[in-house]
Amino acid sequence: MAECDLALLEIIKNGFEAVADEMAIILMRTAHSPIVRDAMDFSTALCDPYGQNIAQGLTTPMHLGSFYDAMQNLIGQYEGDINDGDIFIGNDPYIASGQHLPDIYVIKPIFHAGALCGWAATIAHHVDVGGLVPGSNSLSSTSIHQEGLRLPFLKLLKKGVVDTAIQAIIAANVRTPDLVLGDISAQCAAVQAGDRGLHDMLQRYGAERLAGYTTALHDYAEKLSRAAISNIADGTYTFEDHIDGLGEEGAPVVFRLRLEVKGDEVTADWTGTSTQVAGGINAPLSFCKSNVYAALRSVMGTDVPNCHGYTRPIHVLAPEGTVLNCTYPAACGGRGITGYRIVDCVFGALAACLPDSVAADGAGGSTLPSFSGRQNGRTFVFSECVMGVWGATSAHDGQEGVPHMASNQANVPVEVIEADYPIRVERYGIAPDTAGAGRNRGGFGIIRDYRILQDGVYFGVRSDKLRFPPHGLDGGRAGAAASNILLMDGKEHRLPAMPLEPIMLNTGDLYRHVMAGGGGYGSPYEREPARVLEDVLDGKMTQSHAFDEYGVVLTKEMGVDLAATHARRNTLTEKTNADSH
C-alpha cells in the first residue's frame, strides 16, 4: 500500500465495478424469462486469477459471497485445462459449490497475452431445471436427486466452440427449454462483456501493474473492514429466529446465532441451529457464508470495496448436518428463505450493539409463488419473487415495496404477467393496519391477488412469517403476520407458509398473499399524532387501529383531539408498565 497511488487505486476500483455493472445490465436486457429479466434474480462478478471477487454488480447480495467457493471448486477441478475461449457452466451445491439447482453459474476465464488474468462470473435463477415440481423449488423433496438437473462444472464452450451435447441435455430435462437456454445465452453474453471490459483495463494499465493494484484493493478492503469491526464494542451478541416450518404440521426451524466481536474480527457461530430437514430449505455452507458477509457489509461504510478482501476478518461456523451447512443428499431447492433468515439473525444480534444501524424485522424475504400448466400446446412456468417490507429504524418508518436487503430484486410488472400467462393480477397494493406500531412504524404489508384464467394450473408457494411475525425494536411492536389464502368455489382456504404439495387451480380460483408488516421502533405512544392521522387519511390505517395501537383519538372532522389523546396515552402507558411488572 505504501507504493500504491491511492487516486489510481480508486480509478481502478471503479473500473472493475463498471465492468461488473455492465455485465449485469447486459444479462438483464438479453434475458428471456421474467424471473431474470424483470425480477432481476441474478448476479455478476469480476474475479482475479485466483477466483477472488474484485467487483460485484449491483445485483443480489445473497449470491455474491458464494462466488469464491465456486471459483475454488472450478479452478481445482480444471487446473491445467483452462483455456482462452472456454466458458464453464455448473449448478450443483455438492459438486460445484452451487446454492440450489435453479441457480446456474456461467463463468469465463479471461486471458491476456497468453496468461490467465481474471474471470467473469454470473449466476442466474432459472425458471425451471426439472425435478418434482414446475419451477424446481419443491419443498417436499427429501433428496437433491428429486430437485432437477445437476450439473458439475462443465465446459459449455471449449476454446470458443459450443458443446451442443450439453445444450441438448439441458433442453431435454427442463420444462421450458426456450427460456432456460435463452437465459444461459444471456449469461454467456454477459461474461463476454466482462472479458472485453477487463481486456480494456489490461491494455490500459498493463497486466503486472493491474495485478499489483488488485492485491492492493483486497488489502485496502480488509483494512476498512477491520476498522469498521473495531468500532463495534467487543462482546458476544446472541439472537434466535425461526422459519415457520414445512407443511401444515411442520416443526419450526430454529436459527441460533452467537456473534462474537473481538478486536477487528467477528465470528458468526450457528451452533444450536436446527439440523437439516427432510425438505427443500437446506442451505450449503457457501450460501450461509454469503449471507453473513452481506449482512455485515451492510453496516460498514459505503467506501469499503465490495471485493474478497472485506470478508477476511469475518469467520463463519456452522456445524455440518444443520440447515446452514447441509450434507449430501439434502434438498436445497427453497433455500432462499434460509438465507433471508440468516441476515435477519445477524441484524437481530447487531441491534444490541449498533441500534442505530439496523432495522426492526421485516417481512422475512421474498414470497415465491409458482404457477404452471399448458398453454397453446406448450408448458408454461411462472415464478416470481414478491417483495417486500422493511421494519422501522431509529431514524425513519419502514419502507414498502422494497426488496429484502439480501436480495435487491423486484416484483414482476403486472402487465408482463398478464401478457404472457393465464393469470390476472386483480389487486396489488398495501394492506391496512399491518405495520408494527412504534415511534417509527414498520412498513405496511403488500397484498397481491392472482386470478386464474384457465383450468389445470398447478400452484405452489414458499413464504414465511405466518407463525412468527416480524419483531420490533426498542419497544416497537411486531408487524402483522403474513397470510396465504385460496378462494375456490366460494370458500376461503388458509394455506400454511410452505405447502408441501402443488395444488390444482381452475378458472376463477384466486390466490391472495398478504406479506407480513414490518416491526416498529420505539414506543408507539411517542409517535406524533399528526403522523398517525396522515396514515389514516391515506387509507393505510383505520381509526380503530390508531386508537388501539397508538392511543390517538380522532374527531368526526378527522382531526386529532390532543387532550383526549394525551389522556388515553397516559392510561395505556400505565397499563403497559403494570403488565410488565
Note to self: I'd like to know whether T507 forms a side chain to side chain donor-acceptor pair (under 3.5 Å) with D455, so could you lay out the CA-CA distance, the side-chain angles of the two residues, the decisive distance to 0.1 Å, and finally the verdict.
What the structure shows: CA-CA 5 Å; T507 304; D455 290 347; 2.9 Å; yes
So does [X] pair up with [Y], basic N to acidic O under 4.0 Å?
X: D103; Y: R335; result: yes
X: K289; Y: D69; result: yes
X: D219; Y: R312; result: yes
X: E426; Y: R512; result: no
X: D178; Y: R378; result: yes

Measure across [X] and [Y] and return the closest heavy-atom pair with its distance rounded to 0.1 Å.
X: L181; Y: A171; answer: CD1-CB, 4.0 Å
X: A294; Y: M405; answer: O-CE, 3.7 Å
X: S290; Y: P61; answer: OG-O, 3.6 Å
X: M23; Y: A190; answer: CG-O, 3.3 Å
X: L132; Y: S140; answer: CD1-OG, 4.5 Å
X: C288; Y: V316; answer: SG-CG1, 3.9 Å

Margin query: Please enumerate all residues that pass ring-ring contact (aromatic ring centres under 6.0 Å, His included) together with H125, with sequence neighbours excluded.
Written below: H100
Check: Can you list the residues that meet the ring-ring contact (aromatic ring centres under 6.0 Å, His included) rule with F88, with sequence neighbours excluded?
Finding: Y78
Short side-chain donor-acceptor distance under 3.5 Å, [Y] and [X]:
X: Q99; Y: S66; value: yes
X: T214; Y: D48; value: no
X: S370; Y: S383; value: yes
X: T60; Y: N408; value: no
X: D464; Y: Y340; value: no
X: R175; Y: T379; value: no
X: Y213; Y: D5; value: no
X: S366; Y: R462; value: yes

Note to self: Under 6.0 Å from the ring centre and within 45 degrees of the ring axis: does the NZ or CZ of R424 meet both conditions for the six-membered ring of Y450?
What the structure shows: no
Side-chain heavy-atom pair [X], [Y] within 4.5 angstrom cut-off:
X: K159; Y: D86; result: yes
X: L368; Y: V461; result: no
X: F371; Y: I423; result: yes
X: S407; Y: M387; result: yes
X: V106; Y: C188; result: yes
X: Y458; Y: V133; result: no
X: E22; Y: T44; result: no
X: Y310; Y: H308; result: no

Check: What distance do E400 atom CD and I430 atom CD1 have between them, rounded to the nearest 0.5 Å?
Finding: 4.5 Å
Note to self: If I take atom OG1 from residue T59 and atom CG from residue D41, how far apart are they, to the nearest 0.5 angstrom?
What the structure shows: 10.0 Å
Next item on the list: Report the C-alpha separation of V161 and L157 in whole Å, then their side-chain angles, then the decisive distance to 0.1 Å, and conclude whether the side chain to side chain contact (heavy atoms under 4.5 Å, CB included) test is met.
Entry: CA-CA 5 Å; V161 178; L157 272 73; over 6 Å; no
So, [X] side chain and [Y] main chain: donor-acceptor pair closer than 3.5 Å or not?
X: R448; Y: V386; value: no
X: H199; Y: F111; value: yes
X: Q146; Y: S143; value: yes
X: S372; Y: F380; value: yes
X: E17; Y: Q56; value: no
X: N53; Y: A55; value: no
X: D509; Y: N506; value: yes
X: W119; Y: I107; value: no
X: S463; Y: A497; value: yes
X: Q409; Y: C385; value: no

Next item on the list: Apply side chain to side chain contact (heavy atoms under 4.5 Å, CB included) to R209 and L8, showing your working.
Entry: CA-CA 11 Å; R209 191 182 192 194; L8 182 56; 3.3 Å; yes
Note to self: How about OH on Y428, more than 12 heavy atoms from neighbouring residues, nucleotides or ligands closer than 6.0 Å, or not?
What the structure shows: yes
Next item on the list: Show your working on side chain to side chain contact (heavy atoms under 4.5 Å, CB included) between L151 and V129 and close with a plain yes or no.
Entry: CA-CA 10 Å; L151 297 171; V129 290; over 6 Å; no
Note to self: Go through it in stages, so that I can follow the logic: the residues are N282 and N325, the test is side chain to side chain contact (heavy atoms under 4.5 Å, CB included), and I'd like the CA-CA distance, side-chain angles, deciding distance and then a yes or no.
What the structure shows: CA-CA 8 Å; N282 303 292; N325 185 7; over 6 Å; no
Next item on the list: In sequence, state the C-alpha distance, the side-chain angles, and the governing distance for D163 and Q167, and then conclude on side chain to side chain donor-acceptor pair (under 3.5 Å).
Entry: CA-CA 7 Å; D163 188 330; Q167 290 182 319; over 6 Å; no
Notebook entry, point to check: Would Y50 and H218 count as a ring pair (Phe, Tyr, Trp, His ring centres under 6.0 Å) if you check the C-alpha gap in whole Å, the side-chain angles of each, and the deciding distance to 0.1 Å?
Noted result: CA-CA 12 Å; Y50 311 103; H218 288 306; 9.0 Å; no
Notebook entry, point to check: Should the ring pair H145 and Y328 be called parallel, tilted or perpendicular, given that the plane angle runs from 0 to 90° and is split at 30 and 60?
Noted result: perpendicular
Note to self: If you apply the rule side chain to side chain donor-acceptor pair (under 3.5 Å), what do you find for S43 with Y105, and how did you get there?
What the structure shows: CA-CA 10 Å; S43 290; Y105 290 109; over 6 Å; no
Next item on the list: Please report the C-alpha distance between H404 and D344 in whole Å, then the side-chain angles of each, then the deciding distance to 0.1 Å, and finally whether the side chain to side chain donor-acceptor pair (under 3.5 Å) criterion is met.
Entry: CA-CA 10 Å; H404 190 281; D344 293 344; 2.9 Å; yes
Item checked: Residue list, side-chain contact (heavy atoms from CB on, under 4.5 Å) with D92, at least two apart or on another chain -> Y94, I95, L101, I144, R150
Margin query: Pair R37, D183 - check salt bridge (Lys or Arg N to Asp or Glu O under 4.0 Å), show working.
Written below: CA-CA 9 Å; R37 183 190 64 225; D183 286 348; over 6 Å; no
